[in-house]
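Worksheet for the structure shown next.
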There are 2 protein chains.
Amino acid sequence: MSSQTTRAKVTLATVAQAVGVSLSTASNAYNHPERMSPAVRNRVLETARRLGYDGPNPMARSLRGGDVGAVGLVVTDTLGHAVSDPATLPFLQGLATELERARLGLVLIPSVAAPDARLVAQAIVDGFIVYSLARDDVLLEAALRRDLPLVLVEQSRISGHAYVGLDQAGGASACARHLLELGHRHFGILSLPAQRQATEGPIGDLAAWHIESDVVRQRLDGYLDALASVGIAPSAVAVYQGTSTEYVGTAGAQWLAQQSPRPTAILAMSDVLAVGAITGLRSLGLTIPDDVSVTGFDDIALAAGFDPPLTSVRQPLREKGAAAARLFIERLTNPSGEVLLSTELVVRSSTGPARA
Amino acid sequence: MSSQTTRAKVTLATVAQAVGVSLSTASNAYNHPERMSPAVRNRVLETARRLGYDGPNPMARSLRGGDVGAVGLVVTDTLGHAVSDPATLPFLQGLATELERARLGLVLIPSVAAPDARLVAQAIVDGFIVYSLARDDVLLEAALRRDLPLVLVEQSRISGHAYVGLDQAGGASACARHLLELGHRHFGILSLPAQRQATEGPIGDLAAWHIESDVVRQRLDGYLDALASVGIAPSAVAVYQGTSTEYVGTAGAQWLAQQSPRPTAILAMSDVLAVGAITGLRSLGLTIPDDVSVTGFDDIALAAGFDPPLTSVRQPLREKGAAAARLFIERLTNPSGEVLLSTELVVRSSTGPARA
DNA sequence: ATAGTCTAGTAAATCGATTTACTAAATCGT
DNA sequence: ACGATTTAGTAAATCGATTTACTAGACTAT
């Protein structure tokens, strides 16, 4: 209503002129109150209000060297998926809550199917939180080129940048050991995508599998190390790869169930995959855990309430986000801080003794 | 690794000088390829790469008049809560997915306990999506002052700005009529906060209740209109107000159950409140729906799977977000577009006939 | 009374680009 | 072969602020 008339743009210069002071003085009214008399300062502020001046233009301010007041979040998945995934959401919550406390905005960088480095190159932010990207992902490279502070979450360390790590291998290994103790000897793995452009489907030759994702690398190593300790070779393990969706879990489990010998235990790299797997196995007439044991990863909220309750590797999802935020906030005093989070196996009812 | 040495900052001017062309020509290489010979353009681009120039500085570009490539999201709740709320999340998903398609970033504006207009005033964005703010919320006023395109979602229309509306009153009214048809005559209402700083608790005098939130206003009117049609006066309805959390639902329902006459039906303005209410009523030894019927609002994913399945008002949550995004994307051609979404009563088992 | 210190304010440089108006050289039609 | 149009590139203004170095005047100390 009030400002319907397209009045000429009013800048700090307009205000300064109206008050009859220099541009610098007007600027000081906002940035260095102590350097001027209260009288003049009030005159500037009031004139600004009268003229409808809304405070220094944030772009100009940032260009001159100020902070932007926002952090960019770079993820592999599309934003749509990231905001849906039950393992990512608590991370986002922890991140948002902690950033909020520091009055920092969070910029969700779009990540389309064909990832576009320009979207990272052009983001207006003070730095990035980089979540689980492959070492050579174009988006990571683009972020590095920006020469801004980075917080790396669940991916390879890069010297000079902050890092939030998780004991992936330990959790995965505990998971596999648990199944070994239950007597299982035939395993299938439902893997998250090992590369950005990975296509869903079985992995033919495990040894030749090109793994760019650190999370996949470490979880897989954790599984395989445990299996190796009882003499099970990687070549004896069937692996199916795809994004963390129930659909992939279902398809993957159905494929795994058709291998021979049929796995009596399936290690899924996410709870969502595990849930999908159980659905798929049931559709084949199999019973969980009697016919097949299934383990997940993440211990999402759903895991405990699912039928059957999921055996899973718990990780502190919210805390992971909060830690990333805190490392970013401390970037000036401690540019390459590190936080290492631990995992814990939670045994529930989706796993049971191998059949005699 | 490569750029560890703190080399002097390289700008477009550096590149131009190195190539031996003017600054304008270097700029054209990025923005107006057609205006120059391929030879020179390639020379500029290659020199830029060699010098480690990462493309035009986004802040400078935006300052000069270009787009930022991002939209700000302004919400009432803290971000932490917004990212947790099952009714807000699908909205966010729809929004993020659709923005992503247009390669727009989403800036989550922090919204601390004491809302700070500066965070809106200083956000570096092309416009705002304003989600369910009160007409006189300071954050809305701050957004208006920015003179940027706005998309208003579930709140008062403002001429010149895009609008996404929902038939709140219709849904609420259908809900109440459903209960009336089941024979209920004593009602309690669990309301969302009517103002930003509303404190949780019972509303003493309904007539004197200061309601700033449009959502609350419309849902309440929908309920009361339906009740009025059978002669039930607002003064006969007990109301309890609080944020959309299970805890509030529980506390509110327990308070409502202590009123006399005790309501046989509770109208909750969100499914989360309804779920909390059911928990609270059960803790008092009451059975749902035999002793008390409970209705929700939103029809979140949980509603159908809850025990008992919730009678609720379905609204197209994802579509609401997608519509907001589309309106923003079309802002240049259609600055004040409107989308009106409808609601639908979904009857399940949390409501039943009033006891004789 | 003189020199030295504070205070309040200013002019000009700077941040890193984009764009407008203009010019010189090359191409065109006849 | 001569004026008219295109093409390729440039100089300078501009976006909206912040900051540095400087100055004039008021105040303090001896």
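Per chain, numbering begins at 1; letters A, B, ... match sequence-line order. All values reported here derive from a predicted model rather than from experimental measurement.
Counting heavy atoms from C-beta on, the side chains of A:Phe128 and A:Val120 come closer than 4.5 Å.
Evaluation of the salt bridge (Lys or Arg N to Asp or Glu O under 4.0 Å) test over residues 111-137 of chain A, restricted to residues two or more places apart or in two chains, returns A:Asp116-A:Arg118, A:Asp116-B:Arg103, A:Arg135-A:Asp214, A:Asp137-A:Arg196.
Every residue two or more places apart in sequence or in another chain that forms a side chain to side chain contact (heavy atoms under 4.5 Å, CB included) with A:Thr78 is listed here: A:His81, B:Glu100. Applying the side chain to side chain contact (heavy atoms under 4.5 Å, CB included) test to B:Asn334 and every residue at least two apart in sequence or in another chain returns B:Glu330. With sequence neighbours excluded, the residues that form a salt bridge (charged side-chain N to carboxylate O under 4.0 Å, His left out) with A:Arg101 are A:Glu98. With sequence neighbours left out, the salt bridge (charged side-chain N to carboxylate O under 4.0 Å, His left out) criterion links B:Glu338 to B:Arg157. Every residue meeting the ring pair (Phe, Tyr, Trp, His ring centres under 6.0 Å) condition with A:Tyr131, not counting sequence neighbours, appears here in chain and number order: A:Phe91. Residues forming a side chain to side chain contact (heavy atoms under 4.5 Å, CB included) with A:Ser24 (at least two apart in sequence, or on another chain): A:Ser22. Among residues two or more places apart in sequence or in another chain, the side chain to side chain contact (heavy atoms under 4.5 Å, CB included) test is passed with B:Ala29 by B:Met36, B:Arg41, B:Val44, B:Leu45. When the salt bridge (charged side-chain N to carboxylate O under 4.0 Å, His left out) test is applied to B:Glu319, the partners found at least two apart in sequence or on another chain are B:Arg326.
We find that CG of B:Asp67 is positioned 18 Å from P of C:dA17, with the value rounded to whole Å. Straight-line distance from the CG atom of B:Leu63 to the P atom of D:dG16: 7 Å, rounded to whole Å. As a whole-Å value, the separation of A:Leu12 CG from C:dT10 P is 12 Å. Between the P atom of D:dT14 and the NZ atom of A:Lys9 lies a distance of 13 Å, rounded to the nearest Å. Here the C1' atom of nucleotide D:dA8 and the CD atom of B:Glu34 are 12 Å apart, to the nearest Å.
Residue A:Ser22 places at least one side-chain N or O under 4.0 Å from the OP1 or OP2 atom of C:dT10.
Looking at heavy-atom distances under 4.0 Å, A:Tyr53 makes contact with sugar-phosphate atoms alone, never a base.
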Taking only N/O atoms, report every protein-nucleotides 19-22 of chain D pair under 3.5 Å with atom names and distance.
unit_1	atom_1	unit_2	atom_2	d
D:dT19	OP2	A:His32	NE2	3.3
D:dT19	O4'	A:Arg64	NH1	3.4
D:dT19	O4	A:Ser24	OG	3.4

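Less than 4.0 Å separates DNA chain C from at least one heavy atom of each of the following residues of residues 54-61 of chain B: B:Gly55, B:Pro56, B:Asn57, B:Ala60, B:Arg61. Of the residues in residues 36-48 of chain B, none lies under 4.0 Å from DNA chain C by heavy-atom distance.
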